[in-house]
Amino acid sequence: MTGISIRAAALAGIALSALAAPAQADDDGSFCIGSDYIAYELSLSVAPGKREHALYVVSLTDSAGIGRPSRIRLPDFQVHGMRCNRTSVELLGWDSLYTVPVGPTSAAPVAQSAPWANQADRRLPQGFTSAGFWVWSPALRAGRPDTLRLPVEAAARRFLLVRDVTANPQNPCLYNLRGQVVAFDTSGRLLGSLVLVDRERHRECGN
């Protein structure tokens, strides 16, 4: 990327972005990538003792850049895998598969029996991913941003998923991890960003 480092781009993107407030997640969250969007699910604390499970879909296009997240409420279940199709997102639970249409007329999720319900080994069906925001990568372990180029159908813009970790100077067993989408033009100029998740987490540390 020309003339700007990923870390500088991520920090500048935070300052430039006014698209949405970061979500405080209760679990690790899963995501998948579609032809022109990224979808992610989070279980959020909305009030003391009350949680809300939702799917968020963010469009990524040449014409509009990073869109505002659309939000679809989900039943309370653990997501084992996700698959982003051209017109829908599928979320795999323990015994159910939830399909959520994406687009201007996003509808309520439709549930059916999970395709692995009768499998002894519970292998993810083809095309599903169990990618989560909080999986430690070699870059994050080394204190560097972890970046993923999003393979969306855009010619004039490049979209990255950037995760960065910040140590807690008061407690070595705590850290803050932020995940955001960052957009650049083809020359590497920063165009904007959107924070998807931002929260403090515990990590393994010595006695």
Side-chain angles (χ1 to χ4, degrees), residues 19-61 64 66-137 146 148-154 159 161 163 177-181 194-199 201-202:
L19 294 174
Q24 297 298 321
D26 292 332
D27 59 13
D28 284 352
S30 299
F31 68 90
C32 61
I33 303 161
S35 59
D36 59 357
Y37 68 90
I38 181 171
Y40 60 102
E41 59 84 27
L42 295 172
S43 182
L44 308 177
S45 293
V46 295
K50 182 179 180 182
R51 299 196 316 163
E52 189 170 282
H53 192 197
L55 174 72
Y56 299 83
V57 180
V58 178
S59 65
L60 306 171
T61 62
I66 303 172
R68 293 181 179 272
S70 61
R71 174 178 163 277
I72 302 97
R73 294 187 64 176
L74 296 171
D76 188 13
F77 69 98
Q78 181 178 354
V79 175
H80 293 277
M82 290 179 62
R83 179 165 62 187
C84 282
N85 303 309
R86 186 167 291 275
T87 60
S88 66
V89 177
E90 295 174 294
L91 303 100
L92 184 63
W94 184 252
D95 57 6
S96 298
L97 176 67
Y98 297 87
T99 301
V100 182
V102 298
T105 58
S106 294
V110 176
Q112 60 185 2
S113 177
W116 69 353
N118 297 318
Q119 295 179 13
D121 55 6
R122 297 276 176 168
R123 291 184 181 180
L124 286 176
Q126 184 176 3
F128 280 83
T129 176
S130 58
F133 286 111
W134 312 107
V135 176
W136 280 88
S137 67
D146 177 80
L148 172 66
R149 171 79 179 271
L150 302 183
V152 299
E153 297 174 354
F159 298 96
L161 176 62
R163 298 182 303 150
L177 196 150
R178 174 182 292 241
Q180 62 180 323
V181 174
L194 171 67
V195 176
L196 306 182
V197 287
D198 186 4
R199 69 161 299 189
R201 301 274 293 182
H202 290 273

With [X], which residues qualify under side-chain hydrogen bond (donor to acceptor under 3.5 Å, both in side chains), at least two apart?
{"X": "Ser96", "answer": "none"}
{"X": "Arg149", "answer": "none"}
{"X": "Asp36", "answer": "none"}

Expected output: side-chain His53 to main-chain Ser43 donor-acceptor under 3.5 Å: no
Polar side-chain atom of Glu41 near backbone of Ser30 as donor-acceptor pair, under 3.5 Å: yes
Which atom of [X] lies closest to which atom of [Y], heavy atoms considered:
{"X": "Pro115", "Y": "Pro125", "result": "CG-CG, 3.5 Å"}
{"X": "Val195", "Y": "Gln180", "result": "CA-CB, 3.8 Å"}
{"X": "Leu177", "Y": "Arg163", "result": "CD2-CB, 4.3 Å"}
{"X": "Val152", "Y": "Gly34", "result": "CG1-O, 3.8 Å"}

Close side-chain approach of Leu92 to Val79, heavy-atom, < 4.5 Å: no
Heavy-atom check, side chain of Ile72 versus side chain of Val89, under 4.5 Å: no
Contact list for residues 87-103, test salt bridge (charged side-chain N to carboxylate O under 4.0 Å, His left out), sequence neighbours left out: Arg83-Glu90
Parallel, tilted or perpendicular: ring planes of Phe77 versus Tyr98, cut at 30 and 60 degrees: parallel
So, using side-chain contact (heavy atoms from CB on, under 4.5 Å) as the criterion, who are the partners of [X] when residues are at least two apart?
{"X": "Ser130", "answer": "Leu124"}
{"X": "Ser88", "answer": "Asn85, Thr99"}
{"X": "Ala64", "answer": "Thr61"}
{"X": "Gln78", "answer": "His80"}

Gap between atom CG of Leu148 and atom CD1 of Ile33 - 0.5 Å precision: 5.0 Å
Spatial distance of atom OH (Tyr56) from atom CG (Leu74) [nearest 0.5 Å]: 9.5 Å
Side chain to side chain contact (heavy atoms under 4.5 Å, CB included) between Val181 and Leu60, worked out: CA-CA 9 Å; Val181 174; Leu60 306 171; 3.9 Å; yes
Residues which pass ring pair (Phe, Tyr, Trp, His ring centres under 6.0 Å) with Phe31, listed by chain and number, not counting sequence neighbours: Phe133
